[in-house]
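Single-structure report; data block below.
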Amino acid sequence: MTYAKRIGPRGAAGGGEVLLEPYLSGWRGLIRFLQSLGAVFSFISKDAVAKVALLEGHQQQHGFVSLQSLVQHELAAGPAALRARSDSGCRTVLRLHRALRWLQLFLEGLRSGEPRTSVLCTDAYNASLAQHHPWVVRKAATVAFCALPSRDAFLEIMNVGSQEEAVAMLGEAIPYIGDVYSITQELFTQHKLLDLP
Ligand SMILES: CCCCCCCC/C=C\CCCCCCCC(=O)N[C@@H](COP(=O)(O)O)[C@H](O)/C=C/CCCCCCCCCCCCC
C-alpha cells in the first residue's frame with residue numbers, strides 16, 4: 001500500500017518540484033481508500049474526485065508536468081483573471097493542499113497511538129480545513145468522522161501487514177507528505193495564491 005508515498009517527490013529531481021502525475025495518482029489512491037470506508041464519506045470523496053478530475057483535465061489539455069508549471073501557466077493570464085475563474089487549477093490545488101495538511105496531521109495522530117480516530121480526525125480537521133468550510137460542511141464532516149473505524153481496525157484496513165508494519169509505513173510516508181505540503185505552501189505564498197476564492 002503506497003498511497004501516501006506516491007504523493008510525494010521526496011528526493012525527486014527538479015529542485016523541489018511537485019510532479020503532477022504522482023501527486024494525482026496519490027490522491028486517486030487516497031480516494032479509493034476513503035470510498036472503501038463506506039457511503040457516509042461519499043460527499044467527501046465525490047468532492048475530491050471532482051477536484052482530481054478537474055486537474056487531470058488541465059494536465060491533459062496543457063501537458064503540465066508539475067504543480068509549478070500549472071501555476072506559471074495560469075499566472076501568465078494575470079492575477080485578476082486567475083481570481084475570476086472558478087475552474088482554475090490553482091484554486092483546485094489550493095483545496096487539495098489544505099486537505100493534505102489535514103492528512104499530515106491525521107496520520108501523525110494515528111502514528112502517535114491515540115485510539116480514537118474520530119477525535120484525531122476532528123482535531124486535524126479543526127486545525128486545517130475547517131476554517132475554510134461553511135458551518136453546514138463542518139457539521140456534516142464532524143458527523144461523518146464519528147463513523148470512522150477504531151485505530152486498530154484502521155491500521156488493519158490499510159492492508160500493509162501487522163500494526164507495527166502499518167505504523168512503520170506511516171513513519172516513512174509522513175515526511176513525503178510534509179515535503180509536498182511545504183513546497184506547495186512556499187509556491188502559493190510566493191505568488192500570493194493562498195486566499196484564492
Ligand atoms: C494510509 C492512508 C490512510 C488515510 C486515508 C485518508 C483518506 C482521505 C482521502 C481523501 C481526503 C478527502 C479530501 C477532501 C478534499 C476537500 C477539499 C475541500 O475543502 N472542498 C470544499 C471546498 O471546495 P469548493 O467549494 O471551494 O470547490 C468542499 O466544500 C468540501 C466538501 C466536502 C467536505 C470535505 C471535508 C473534508 C474532511 C477531510 C477528509 C476526512 C476523511 C476521513 C477519512 C479517514
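In this chain, residues are counted from 1 in sequence order. Whatever order the structure lists them in is the order used to number ligands and atoms, beginning at 1.
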With heavy-atom distances below 4.0 Å as the criterion, list the atoms of ligand 1 near [X].
X	result
Phe145	37 (C), 40 (C)
Leu30	7 (C), 9 (C)
Val137	33 (C)
Leu148	43 (C), 44 (C)

**Complete:** Of Ile177, Leu54, Ile44, the one whose closest heavy atom lies nearest atom 14 (C) of ligand 1 is Ile44
**Request:** Could you check which of Phe41, Trp102, Trp27, Phe43 puts a non-hydrogen atom nearest to atom 39 (C) of ligand 1?
**Result:** Trp102
Quick one: does [X] get a heavy atom under 4.0 Å from ligand 1?
X	value
His132	no
His133	yes
Arg91	yes

Would you check whether [X] has a nitrogen or oxygen atom less than 3.5 angstrom from a nitrogen or oxygen atom of ligand 1?
X	answer
Tyr125	no
Arg95	yes
Asp47	yes

Less than 3.5 Å apart, which donor and acceptor atoms pair up between the side chains of residues 89-97 and the rest of the protein, not counting sequence neighbours?
unit_1, atom_1, unit_2, atom_2, d
Arg91, NE, Pro197, O, 2.9
Thr92, OG1, Ser88, O, 2.9
Arg95, NH1, Leu196, O, 3.0
His97, NE2, Gln185, OE1, 2.7

**Message:** I'd like to know if the side chain of Glu21 pairs up with that of Gln59 as donor and acceptor (distance under 3.5 Å, no hydrogens or angles considered).
**Reply:** yes
**Request:** State whether a side-chain donor-acceptor pair under 3.5 Å links Gln35 with Arg32.
**Result:** no
**Prompt:** Counting only N and O atoms by type, is there a donor-acceptor contact under 3.5 Å from the side chain of His58 to the main-chain atoms of Phe64?
**Reply:** no
**Request:** Could you see which bit of Leu129 sits under 4.0 Å from ligand 1, with heavy atoms only: side chain, backbone, both or neither?
**Result:** side chain
**Prompt:** Should Phe154 and Leu37 count as side-chain neighbours, where that means a heavy-atom distance under 4.5 Å?
**Reply:** yes
**Request:** Classify the angle between the aromatic ring planes of Tyr23 and Trp27 as parallel (below 30°), tilted (30 to 60°) or perpendicular (above 60°).
**Result:** perpendicular
**Asked** Transitively linked via ILVMFWY side-chain contacts under 4.5 Å: Leu170 with Val119?
**Response** no
**Message:** So that I know where these two stand, are Phe41 and Phe145 an aromatic pair - ring centroids less than 6.0 Å apart?
**Reply:** no
**Request:** Determine which pairs satisfy side chain to side chain donor-acceptor pair (under 3.5 Å) with at least one residue from residues 44-55, sequence neighbours left out, and list them in order.
**Result:** Asp47-Lys51
